[in-house]
Structure formats: structure tokens, C-alpha cells
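Here's the structure we're looking at; comments come further down.
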Protein chains: 2
Amino acid sequence: MDNEIFEALFEIVTFFNQPQQDRDLLKRAEISLEPAALPIIVRAGRQPEISIGELANQIGRNHSSVSRQVDKLVKAGWLMEVERRDQRIRRVTLSQQGQRALLQVKVAREAAFRQRLADYSDADRSELARVLQRLAATLNERG
Amino acid sequence: MDNEIFEALFEIVTFFNQPQQDRDLLKRAEISLEPAALPIIVRAGRQPEISIGELANQIGRNHSSVSRQVDKLVKAGWLMEVERRDQRIRRVTLSQQGQRALLQVKVAREAAFRQRLADYSDADRSELARVLQRLAATLNERG
DNA sequence: ATTTATTGGTGCAACATGCACATATTATAG
DNA sequence: CTATAATATGTGCATGTTGCACCAATAAAT
């Protein structure tokens with residue numbers, strides 16, 4: 001049965017992994033943000049004061065690459081650097097502009113998604129919300 | 001409530017979007033496949049006889065880039081070219097080797113995922129499977 | 001038969017990435 | 001307290017990937 005759960009999840013995740021959607025989205029929202037930057041923005045939104053190393057680790061790119069991407073995003077005003085307690089660690093947080101951008105991305109994604117749920121009754125939605133929320137919480141435990 | 005559904009999905013999708021996992025995975029499975037090639041393999045698995053253009057559109061990269069990636073994957077034996085009915089269109093399908101690789105990736109992802117479900121009872125799993133399968137089917141309707 | 005549209009391949013310049021190494025800071029050992 | 005090790009990031013450089021503009025081949029439309 002875990003197999004079925006996983007198969008379905010694989011389909012769902014694959015469906016959402018369509019950078020083309022994000023491009024159109026960013027264009028429509030008139031946000032001048034390269035799609036390559038989105039993973040950084042998303043993670044900065046989930047985890048304020050995230051460090052270069054944590055970003056690199058989560059996104060799966062070399063820290064040097066992430067460092068240079070973050071340079072750009074800070075310069076462009078999407079991220080803000082936080083005061084350094086440990087001087088080695090550069091931590092960044094979404095700026096207000098960044099938060100607005102992330103929100104717009106979510107809203108646009110949601111709009112595209114909402115259409116697909118047309119056939120769901122209120123009870124269906126309620127169940128879906130409950131099940132997904134638990135799954136999200138489970139996945140985010142620990143690591 | 002749709003908002004909550006979407007928030008949870010966003011979290012779940014973000015969790016799975018960790019290329020680092022795929023790297024480790026491919027290494028453990030001893031599959032010499034660059035992570036950049038995975039989206040192509042995955043989509044070829046979902047949609048046999050997929051064309052360069054469809055791949056490019058779904059993955060969000062330029063067709064020229066995809067064309068060159070596909071060159072490599074064919075050369076390396078992961079993909080097979082299908083006989084051309086329309087001579088303009090190059091269609092590819094997973095080779096047996098490619099199918100095995102995709103399966104291994106799924107199995108490895110599943111193993112990492114399964115650990116997280118430790119707290120789910122059989123009933124919980126059953127419900128999760130049912131709800132996710134319906135969602136996956138809903139998302140895959142039409143285009 | 002001619003024109004138009006579709007599909008994808010190629011040269012080229014720009015950008016992004018990883019590696020190896022350097023630097024700065026903090027933690028640890030003695 | 002000092003010396004050493006560990007951590008976190010930044011930089012130069014070589015390599016790889018990407019998109020753009022254009023071209024060639026094929027198919028569809030007029």
C-alpha cells in the first residue's frame with residue numbers, strides 16, 4: 001500500500017515540477033525573478049534567517065554557486081542580510097518585496113490548482129486538507 | 001480551506017524538490033545519470049513516445065537544450081528513438097535500461113519516504129493512499 | 001505548386017556550476 | 001592562554017548548460 005501512496009505522490013510532485021508554469025506565472029505577475037532563483041526564495045520563506053550552507057544543502061547545489069545567487073538576490077532586493085552573530089555565517093531573510101513575490105507565486109499556483117478541484121465536494125476538500133496537512137507535518141519533522 | 005490544501009501541498013512538493021536527495025540516491029543505486037537528466041527520464045516514463053518539444057515545454061527549458069540532453073541520453077542507452085511517422089518530430093521512449101533506472105530511483109525515493117510514515121496506522125495509510133490517488137488522477141486529467 | 005507553419009538541429013555568447021584553494025571566524029585541546 | 005582543528009563562506013578558473021537567432025527539413029494549407 002505504501003507503494004500506492006508513493007506512486008500517487010510521485011505523480012503529484014511531478015505535476016507541480018513544471019518550471020514552465022513558474023515562468024508564465026512570474027511573467028504574468030510581472031516579477032522579474034529568474035526561475036532559477038525560486039528555490040532560494042521558497043526556502044527563505046519557509047525558514048527565516050537561513051544560511052548559505054543550509055540553502056546549498058537543501059537545494060543540492062554547491063555553496064559557492066548559492067553564495068553568488070544570493071548576492072544577486074540581495075542586490076535585487078528580494079533578500080535581506082541579517083546581522084551576523086557568528087561572523088562566519090551569512091544568514092538571509094525574505095525582504096518585504098520578497099515576501100510579496102513569494103505570495104504572488106503561491107497565489108498564482110493556487111489559482112491554477114483550484115480549477116482542478118472543481119469536482120470535489122466540501123467534504124472531499126475537508127478530508128483532503130486534513131490528510132495533506134498531516135502529511136506535510138510528518139515530512140517536516142526532524143530533518 | 002482550498003488555501004490550506006494548497007499550503008500543505010506546497011510544503012510536500014517543496015520537501016520532494018531536493019536534488020541532493022536524488023544525487024545520493026543515484027549514487028547509492030550506482031546509476032551514472034546526472035540529476036539534470038532526471039526530469040527527462042521521469043517524463044519519458046510517464047509518456048512514452050514523447051517529443052523534444054513536449055519535453056521542453058513540460059520541463060521548462062529551451063528545445064535546443066533538451067535536444068542536446070536527449071542526444072546524450074540516447075547515446076548512453078537510457079532512451080530509445082522511435083521510428084518517425086512525422087519526419088520532423090523526434091520521439092523517444094525509455095529503454096529497458098532506462099526503465100530499470102527509473103524504477104530504482106522510485107524505489108530509493110520510496111525507501112527514504114517510508115521511514116517517515118512510521119507513525120501511520122494501517123487505516124491512516126489506507127486513507128492517505130485513497131486520497132492521494134484521487135488527487136493524482138484529478139491533476140492528470142486533460143492536459 | 002507555392003506559401004506558410006511546425007519541429008528540431010547548430011553556432012555562439014552569456015551564464016551557472018563545481019572544484020580547489022584562500023580567508024575569516026569559532027570551537028576545542030592541552 | 002595558545003595552538004590546532006573545524007566551520008562557513010568567498011574567489012579564480014575550467015567546464016558545462018542554456019537561450020537566442022538562425023537554418024534545414026518536413027508537413028499542412030491555400
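Every chain is numbered from 1, with letters handed out A, B, ... down the list of sequences.
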(message) Just to be sure I understand the rule, does A:Arg91 reach a base, reach only the sugar-phosphate, or reach nothing, if contact means heavy atoms closer than 4.0 Å?
(response) nothing
(request) Would you indicate what B:Ser67 reaches in the nucleic acid, counting non-hydrogen atoms under 4.0 angstrom: base, sugar-phosphate, or nothing? (result) sugar-phosphate
(message) If you compare every side-chain N and O of A:Lys72 against the phosphate oxygens of C:dA16 (OP1, OP2), does one of them come in below 4.0 Å?
(response) yes
(message) Closer than 4.0 angstrom, basic N to acidic O: yes or no for A:Asp71 and A:Arg90?
(response) yes
(message) So that I can tick it off, tell me whether A:Lys106 and A:Glu110 are bridged by a salt bridge, with the cut-off set at under 4.0 angstrom between side-chain N and carboxylate O.
(response) no
Where the side chain of [X] is concerned, which of [options] is the nearest nucleotide?
| X | options | answer |
| --- | --- | --- |
| A:Ser64 | D:dC20, D:dT11, D:dT9 | D:dT11 |
| B:Arg90 | D:dA27, C:dA16, C:dG9 | C:dG9 |
| B:Arg68 | D:dC20, C:dC19, C:dG8 | D:dC20 |

(message) On DNA chain C, compare the nucleotides closest to A:His63 and A:Arg85; which residue's is nearer the 5' end?
(response) A:His63
(message) Using heavy-atom distances to pick each residue's nearest nucleotide on DNA chain C, tell me which of A:Gln69 and A:Asp86 is more 5'.
(response) A:Gln69
(request) Would you please say whether a donor-acceptor pair under 3.5 Å links the side chains of A:Asp124 and A:Ser121? (result) yes
(request) Using distance alone, with no hydrogens and no angle criterion, decide if A:Gln47 and A:Gln58 have a side-chain donor and acceptor under 3.5 Å apart. (result) yes
In this structure, how many angstroms lie between the [atom2] atom of [N] and the [atom1] atom of [X], rounded?
| X | N | atom1 | atom2 | answer |
| --- | --- | --- | --- | --- |
| A:Asn62 | D:dT11 | CG | P | 14 Å |
| B:Gln87 | C:dA5 | CD | C1' | 17 Å |
| A:Ile52 | D:dA8 | CD1 | P | 12 Å |
| B:Ile50 | C:dG8 | CD1 | P | 11 Å |
| A:Glu81 | D:dT9 | CD | C1' | 12 Å |
| A:Asp71 | D:dG12 | CG | P | 12 Å |

(message) Once ring-ring contact (aromatic ring centres under 6.0 Å, His included) is applied, do any residues pair with B:Phe113, and if so which ones, sequence neighbours excluded?
(response) B:Phe16
(message) Check this for me: does the side-chain of A:Arg88 come within 3.5 Å of the base of D:dT7 through a donor and an acceptor?
(response) yes
